[in-house]
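Numbered from 1 within each chain, the chains take letters A, B, ... in sequence-line order. Please read these numbers as outputs of a predicted model, since none were measured by experiment. In what follows, every heavy atom counts, from backbone to side chain, and hydrogens, waters and symmetry copies are set aside.
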There are 2 protein chains.
Amino acid sequence: MAKVKIIDVARAAGVSLGTVSNALNHPEKVRPETRRLIEETIRELGYTPNQSARMLAGGHNNMIGLVLPQLNHGFCLQIISGAQNEAQKHGYSLIFAVSGRDEDLEEQLLRHFMGTQLAGMLFQPIPRPAWTPRPNPTVPIVYLDAEGPDEGAFVTADNEAQGRLIAEHAASCGARRVAVIGCAHEGVLSRRVTGIRESLSTHPDIELEVLDAGEWDVSGDGFGLGQQLSRRDGAERPDFIIALSDVLATGAIAGIRAAGLSVPEDIRVAGCDGNPLAWSGAVSLTTCAPAGYEMGRKGVQLLVEMIEAEQEPQASHVRLGNRVQSPRTEDHPARRIETVRPFLLERASTRGAAATTSSAHRSPQVPETNLGAYL
Amino acid sequence: MAKVKIIDVARAAGVSLGTVSNALNHPEKVRPETRRLIEETIRELGYTPNQSARMLAGGHNNMIGLVLPQLNHGFCLQIISGAQNEAQKHGYSLIFAVSGRDEDLEEQLLRHFMGTQLAGMLFQPIPRPAWTPRPNPTVPIVYLDAEGPDEGAFVTADNEAQGRLIAEHAASCGARRVAVIGCAHEGVLSRRVTGIRESLSTHPDIELEVLDAGEWDVSGDGFGLGQQLSRRDGAERPDFIIALSDVLATGAIAGIRAAGLSVPEDIRVAGCDGNPLAWSGAVSLTTCAPAGYEMGRKGVQLLVEMIEAEQEPQASHVRLGNRVQSPRTEDHPARRIETVRPFLLERASTRGAAATTSSAHRSPQVPETNLGAYL
DNA sequence: CTGAAAGCGCTAACAC
DNA sequence: GTGTTAGCGCTTTCAG
């Protein structure tokens, strides 16, 4: 019951406290024989080092913390898996927490992780209008799927590329009139629109119409817009709808069907953000997913760089004695951004005779039949 | 850059260190006015309490740790969500880690969590032949989906009930020849088989055949078995396949279709473990989910009881002075087990004319069209 | 209510 | 190589 501590191990093994500590943290400094004895004793006594004390005393830690807004949305699971694998490759382990879109919880988790002195943190903030990175992090932080004006390290989805990819898919499906629905003026979404415009500008034969309406997370808005577009006269009616979010797309499909048309026969529909939770509609949805796995992976890479950059200068402080100078400004560029490229998930909502030509676009490593394989 | 600590806050606010500490941990002991001043100062300075120091000094912690073997399988996600919600209800937050079926990592994570002094832990061990709970945990632990002979607290799935439920469903679908695929001799899976046998023994008119083959997590194995069974002669061919895992079931469906038969028309197929990640196949899968959500929820309930039981006696030690006695043996029954009942998810892979009668079995709280709702 | 002082268990110097 | 010692930042006594 009484917790066994390092001194107990030392006494039981007949060595001194410092030796046990060394055996744990600098095994090379201890005679193999002694080390084995100590290890044996540790096992017998069931000793578990107190991490708090360890960190407090200046020890190091191979833990990377990851805070996500949710687990059941977007590419969270892929992020985790990418981060986990990359972390392991560098000798770190991952622990994580979900803020559940609760800003207080998010704050609390962040403070806990930072206070708990892990090596670094990956943090995907809850989407909010005016988000900014933390001013003075006590550990290196990499922000995922977010972007700040100030200094910091960010890994973001390439939203323009998402738009381009979907637009090109529309073109290759033989679309003549493309309608874009969703708040086209809003931050991230507007980049998707830019990508769409850019891509379709090389197809002068395709008419593009941008309806700047519909909240990205309200499928009812998509329903209304889908219905509305379906009721237009033949020549005015789009044959391809790009929704700026998958939720909107799912709504639009329902709206089109409610109006008596069918998808993809009358109108093709595509989403734009690879949100698995919007995929359960009647028609499986073509969309364009940011590579969550890549995001996690790159996040950890960035983070590890930062962690190691932070350790270097400290070491030199000690060694150089009084000739201390801080090269921090060079190690720590004010702002680092990594972009992650998306890939196309072609499914029934845009499939048709004309679509077969584009099947080469489909990403081979993402079998649509098994979401599990791509987590 | 230099980390701001409690003494900095105290000086900036013009109070003493102890007062800041009190404002943080026992707000009621500090004059509201002073408290506000301190809070303000904390915000300005961006002070983050050092959790390590805090814990070391005997502080408490509202964190519950959860270690899972994987994230992309079984009911992990539901466990998390159940645990998260229940934890929040009791004022705890959840942090978790995935061992990735790597026993060393699992051990490391456990040690970290225990060493980090969180309030308690939920732990779903990597399935292994002869698993036993940790001998001397330094924090309360509840084991999930595992069971030990010795003392400890466990929440387990009722695997026999899962088997029974699926078998009964098969019977109510009018099955005549039922084939079971999967490693029927393996631990947990064998219980499912027991349940199936038990249930079908009351239906002497139904033939049961158990093919003890196919890894539970290899959909290719299911494919092969599905194909193989499809090629049998009419009388030998089963009309209902129960796969001991959903992944296997999904593979089997693909195999059956590859062999030119259709599901559910020619052969009905059901899974057995409610694995959402196996549900994206061409035909939606009937399965029997252990209530992962319940498991997470009950786990946290148990854990919270244990945490609080552990705090009580300590408090009385202090108050009773020398009349110390340890009622631990009564608070801490050697072994506690909670069982979680499964429910049937009836979907297209077993649906047919005859199946409508059983639709009452379908769990109303789990809409099949929106996986998100039940994560 | 406030301030001073005693550790919590450990690591990383430092002498031996 | 080994043993000794000074804190790490905080909470919690205990006197004012």
Side-chain angles (χ1 to χ4, degrees), chain A residues 2-11 13-38 42 45-62 111-112 114-117 138-139 311 314-315 317-319 321, chain B residues 2-11 13-38 42 45-62 111-112 114-117 138-139 311 314-315 317-319 321:
Chain A
K3 270 166 195 158
V4 22
K5 46 186 84 159
I6 203 170
I7 185 71
D8 301 321
V9 176
R11 278 205 267 264
V15 298
S16 96
L17 181 159
T19 308
V20 178
S21 176
N22 274 336
L24 251 35
N25 303 296
H26 309 281
E28 74 284 0
K29 291 189 176 181
V30 165
R31 205 188 315 146
E33 203 181 304
T34 320
R35 196 168 60 212
R36 258 193 303 280
L37 170 64
I38 292 176
I42 287 182
L45 266 51
Y47 165 67
T48 312
N50 180 325
Q51 294 295 332
S52 305
R54 178 181 262 232
M55 292 315 301
L56 223 209
H60 285 186
N61 195 325
N62 291 346
R111 296 178 95 84
H112 175 84
M114 291 178 41
T116 216
Q117 316 248 220
T138 60
V139 301
Q311 282 168 351
Q314 283 186 9
H317 280 196
V318 173
R319 296 219 186 83
Chain B
K3 271 167 194 159
V4 22
K5 45 185 84 160
I6 203 170
I7 185 71
D8 301 321
V9 176
R11 277 205 268 264
V15 299
S16 96
L17 183 159
T19 308
V20 178
S21 177
N22 273 336
L24 251 36
N25 303 296
H26 307 282
E28 74 284 0
K29 291 189 175 180
V30 166
R31 204 188 315 146
E33 202 180 306
T34 320
R35 195 169 61 213
R36 256 193 303 280
L37 170 63
I38 292 176
I42 287 181
L45 267 51
Y47 167 66
T48 312
N50 181 325
Q51 294 296 332
S52 305
R54 179 182 262 234
M55 293 313 302
L56 224 209
H60 284 188
N61 193 322
N62 290 348
R111 295 179 94 83
H112 175 83
M114 291 178 43
T116 216
Q117 318 249 222
T138 59
V139 301
Q311 281 167 352
Q314 284 187 6
H317 280 197
V318 173
R319 296 218 188 84

- Item | Per B:His26 side chain, nearest of listed nucleotides C:dG9, D:dT12, D:dT2 | D:dT12
- Message: I want to confirm an ordering. Mapping A:Met55 and B:Leu17 to their closest nucleotides on DNA chain C, which one lands closer to the 5' end?
- Response: B:Leu17
- Query: Between the main-chain N or O of B:Pro27 and the side-chain N or O of B:Arg35, is there a donor-acceptor pair closer than 3.5 Å?
  - Reply: yes
- A:Asn25 (side chain) donor-acceptor with A:Asn22 (main chain) under 3.5 angstrom: no
- Of the listed D:dC10, C:dC1, D:dT12, the closest approach to the B:Asn50 side chain comes from D:dC10
- Note on the structure: Checking C:dG9, D:dG3, D:dT11 against the side chain of A:Lys5 (C-beta onward), the nearest is C:dG9
- Item | Out of C:dA12, C:dC1, D:dC10, whichever nucleotide has its closest atom nearest the side chain of B:Pro32 | C:dC1
- From CG of B:Leu37 across to P of C:dC1 the rounded distance in Å is 15 Å
- Item | B:Glu28, CD: over 12 other non-hydrogen atoms inside 6.0 angstrom | yes
- Query: What is the nucleic acid contact for B:Ser21, judged by heavy atoms within less than 4.0 Å: base, sugar-phosphate only, or nothing?
  - Reply: base
- Contact class for A:Ser52 (heavy atom, under 4.0 Å): base, sugar-phosphate, or nothing? nothing
- Query: Side-chain N or O of A:Thr34 less than 4.0 angstrom from OP1 or OP2 on D:dG1?
  - Reply: no
- Side-chain N or O of A:Thr19 less than 4.0 angstrom from OP1 or OP2 on D:dT2? no
- Task: Write down the distance between CG (B:Asn22) and P (D:dT12), rounded to a whole number of angstrom.
- Result: 8 Å
- What is the distance from CD of A:Glu28 to C1' of D:dG1, rounded to the nearest Å? 12 Å
- Task: Return the value, rounded to whole Å, for the distance between atom CD1 of B:Ile6 and atom P of C:dA4.
- Result: 14 Å
- Message: Looking only at side-chain N and O atoms, does A:Asn61 offer a donor or acceptor that is under 3.5 Å from a partner on A:Gln51?
- Response: no
- Which of these nucleotides, D:dT11, D:dT4, C:dC10, is closest to any side-chain atom of A:Ser16? D:dT4
- Atom CD1 of A:Ile7 and atom C1' of C:dT11: how far apart are they, to the nearest Å? 14 Å
- Rounded to whole angstroms, how far apart are CD on B:Gln117 and C1' on C:dC10? 12 Å
- Here the distance between atom P of D:dC10 and atom CD1 of B:Ile42, to the nearest Å, is 10 Å
- Query: Whole Å only: how far is the CG atom of B:Leu24 from the P atom of D:dG9?
  - Reply: 16 Å
- Message: When you measure from the side-chain N and O atoms of A:Arg54 to the phosphate of C:dG9, is any distance below 4.0 Å, counting only OP1 and OP2?
- Response: no
- Item | 5' precedence on DNA chain D between B:Lys29 and B:Ala57 (nearest-nucleotide basis) | B:Ala57
- Please state whether the phosphate of C:dT2, meaning OP1 or OP2, lies under 4.0 angstrom from any side-chain nitrogen or oxygen of B:Arg31. yes
- Message: Would you say that A:Arg11 contacts A:Ile7 through its side chain, given a criterion of any heavy-atom pair below 4.5 Å between the two side chains?
- Response: yes
- Message: Nearest 0.5 Å, please: how far is CZ in B:Arg31 from CG in B:Leu37?
- Response: 10.5 Å
